[in-house]
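Atoms considered below: every heavy atom in the structure, side chains included; atoms not considered: hydrogens, waters and symmetry mates. Numbers here simply count residues along the sequence, with the first being 1.
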Amino acid sequence: MLCQIKKFKTYPPGKKLSINLNIMAKKKDELRSARWFAPDDLRSMGHRSRAMQMGLEQEDWDGKPIIAIINTWSDLSPCHHHLRNRAEFVKKGVYQAGGMPVEMPVHSFSEQFLKPTSMLYRNMGALEVEETLRAHPIDGVVLMGGCDKSTPALIMGATSMGLPFIYMPAGAMLRGNYAGEKLGSGTDVWKYWDERRAGNISKEQWEGVQGGIARSYGTCMTMGTASTMMSIADGWGLTLPGASSIPAPDAGHKRMAAECGRRIVDMVWEDLTPDQIINEASTRNAVTVAMATGCSTNAIIHLIAMARRAGVNLTLDQLDEIGRTTPVIANIRPSGKNFLMEDFFYAGGLRALMVELGDKLDLNVKTVTGQTLKECIKGSKNYNSDVIRTLKNPVYHEGSLAVLKGNLAPDGAVIKPAAMDPKFQKHNGPAIVADSYAELKEIINDEDYPITADHILVLRNAGPKGGPGMPEWGMIPMPKALLKQGHRDMIRLSDARMSGTSYGACILHVAPEAFIGGPLALIRTGDIIQVDIPNRKLDVNISKSEMKKRQEDWVKPKPRYERGYGYIYSKHIEQADKGCDFDFLSTDFGAAVEEPEIN
């Protein structure tokens with residue numbers, strides 16, 4: 001049986017893509033939802049009866065794909081404040097294409113308000129998505145998210161479930177503005193906070209920044225974790241082409257939402273499942289796009305976790321290898337100097353960036369459109385070569401991130417060389433060690449603390465188990481003692497993460513973490529740490545015998561949780577180099593979960 005699917009518009013609007021109209025379709029009785037509604041038995045009568053209780057009738061579901069709209073909206077999620085509205089546009093598209101939409105709320109992953117960190121709940125959210133889809137009569141899915149952990153959580157859960165899905169990115173907010181200057185989310189917060197702590201700006205100026213930096217709904221408009229992960233999903237082929245670049249308040253964003261609704265219905269009939277899209281080649285594309293955009297350091301953890309849910313064993317070494325040969329060409333803060341996501345959209349967005357990357361991408365991979373990536377980016381143009389640079393004129397000669405290893409980080413650590421003072425690319429310095437954030441604050445807030453810019457400031461016990469949840473404490477504020485002297489960067493080292501909007505010589509994700517007895521737990525104030533970014537080395541100048549003695553003297557800390565979700569989390573969380581997923585959610589942990597019985 002053949003069915004006709006509609007041509008769809010690309011975003012930003014432009015040339016329509018040519019697609020194959022002859023596609024094999026599922027039969028109506030092969031729809032997954034038919035197991036709930038079609039049989040002439042007691043249980044299915046109950047399903048139909050309760051659907052009618054909500055005002056539905058047989059014409060609404062009979063022979064039609066039921067499309068879940070997984071919505072991460074909440075009143076405490078400013079980045080997703082518009083998603084309740086966008087769900088209505090998705091529904092419109094589903095109806096237009098002959099499907100039945102059902103909106104289903106999940107965890108909102110509010111980066112701003114969720115404590116101790118939203119990372120603590122990423123895997124819980126992924127599990128919620130997977131089980132929500134498995135347990136309900138769903139044929140296809142539109143995933144609505146954008147704020148940092150929402151993108152990986154949604155895609156991880158939907159990938160594990162295996163139903164056709166399309167990711168609808170929330171989009172970035174408008175540029176910030178204060179006193180005639182463009183403000184970038186996060187990036188300028190850290191900048192002006194340092195200036196306030198140094199006594200260079202007033203409280204009134206600080207409050208002016210506070211009121212001008214977030215002017216609309218949508219995610220951070222720097223190339224922070226949110227924009228990074230939306231771009232990665234786009235580069236992976238999991239969104240409509242270029243959808244990740246559309247600003248949240250743009251009218252085109254509403255039209256894109258409706259198109260997601262139309263397209264997912266066709267994907268169900270085509271049986272276009274994620275295993276046909278997420279593979280080694282498309283994963284390499286996603287990593288390449290990430291590196292070229294000047295991505296967040298958090299991308300490494302999420303990319304590994306997302307890829308492994310699809311059975312792709314992505315490693316830190318592979319990420320570093322791609323980073324060495326992929327220059328940063330998106331001139332967007334914090335790796336870039338002048339521009340924000342709104343400028344990136346006007347310059348041509350991600351599709352234009354992928355055209356510039358050329359043969360660094362595998363253009364033959366399939367996307368959610370059913371077409372190849374080559375067809376999806378054909379005709380895209382770069383309208384501003386300062387915003388989207390060419391490979392011959394990059395922002396930075398290598399990719400956004402570098403992976404360091406050595407006796408201090410046997411399983412790896414991560415730094416963002418493009419967003420740091422280059423004088424720290426090779427550096428040896430004495431450690432100043434803080435065992436907790438409370439201790440760290442005492443150091444950085446003491447104007448008379450004996451510290452120099454050559455010291456290496458260390459925070460430990462802030463990793464996946466120690467944090468708990470690996471909070472974004474790795475963007476350690478510059479010590480007041482150094483700010484007063486005019487310093488604005490120094491090497492800071494931790495097993496924590498940092499916001500993707502951050503910058504500076506911050507070495508992060510040290511694995512294994514200190515809380516489980518990794519080498520970071522063993523160093524002491526005064527130990528000499530050696531950093532060599534070009535050669536990807538991170539070592540502490542301690543003999544093996546001394547390291548062994550300190551290991552024997554180390555005392556295992558008390559667990560962070562003794563009950564509840566935190567207890568489950570602590571028992572099953574993996575380290576940063578493995579993507580911080582739960583061990584029991586990996587594809588090779590056990591047999592695939594079967595469809596639920598309906599009796």
Taking [X] for its side chain and [Y] for its backbone only, find out whether a donor-acceptor pair lies under 3.5 Å.
| X | Y | value |
| --- | --- | --- |
| Asp188 | Ile213 | no |
| Ser160 | Gly157 | no |
| Thr72 | Met144 | yes |
| Arg122 | Cys580 | yes |

task = Report, as yes or no, whether the 6.0 Å neighbourhood of atom CD on Glu280 holds more than 12 heavy atoms from other residues, nucleotides or ligands.
result =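 Counting neighbours around CD of Glu280, 12 or fewer heavy atoms of other residues, nucleotides or ligands fall under 6.0 Å, so no.
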query = Which distance, rounded to the nearest 0.5 Å, do you find between the CE of Met341 and the OG1 of Thr222?
reply =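 With rounding to 0.5 Å, CE (Met341) is 9.0 Å from OG1 (Thr222).
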query = Nearest 0.5 Å, what's the CE-CD1 distance between Met354 and Ile388?
reply =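 Those atoms lie 10.5 Å apart.
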Applying the side chain to side chain contact (heavy atoms under 4.5 Å, CB included) test to [X], which of [options] qualifies?
| X | options | result |
| --- | --- | --- |
| Ile246 | Lys254, Met230, Met256 | Met256 |
| Arg389 | Val395, Asn384, Leu353 | Val395 |
| Ile67 | Val141, Val268, Val102 | Val268 |

Donor + acceptor pair across side chains of Arg351, Ser245 (<3.5 Å) =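 Side-chain D/A pair, Arg351 to Ser245: absent.
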query = Under 6.0 Å between ring centres, would you say that holds for Trp36 and Trp61?
reply =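 No, too far apart.
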task = Return the orientation label for the Tyr217 and His82 ring planes: parallel under 30°, perpendicular over 60°, tilted otherwise.
result =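 Parallel: the ring planes of Tyr217 and His82 meet at under 30°.
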key: Shortest non-hydrogen contact from Ser231 toward Leu350   =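 Residues Ser231 and Leu350, closest heavy atoms: O-CD2, 3.4 Å.
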message = Using the ring pair (Phe, Tyr, Trp, His ring centres under 6.0 Å) criterion, which residues pair with Phe109? Sequence neighbours excluded.
response =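 In terms of ring pair (Phe, Tyr, Trp, His ring centres under 6.0 Å), with neighbours along the sequence ignored, Phe109 is linked to His107.
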message = I'd like to know whether Tyr396 forms a side chain to side chain donor-acceptor pair (under 3.5 Å) with Ser335, so could you lay out the CA-CA distance, the side-chain angles of the two residues, the decisive distance to 0.1 Å, and finally the verdict.
response = CA-CA 8 Å; Tyr396 184 72; Ser335 293; over 6 Å; no
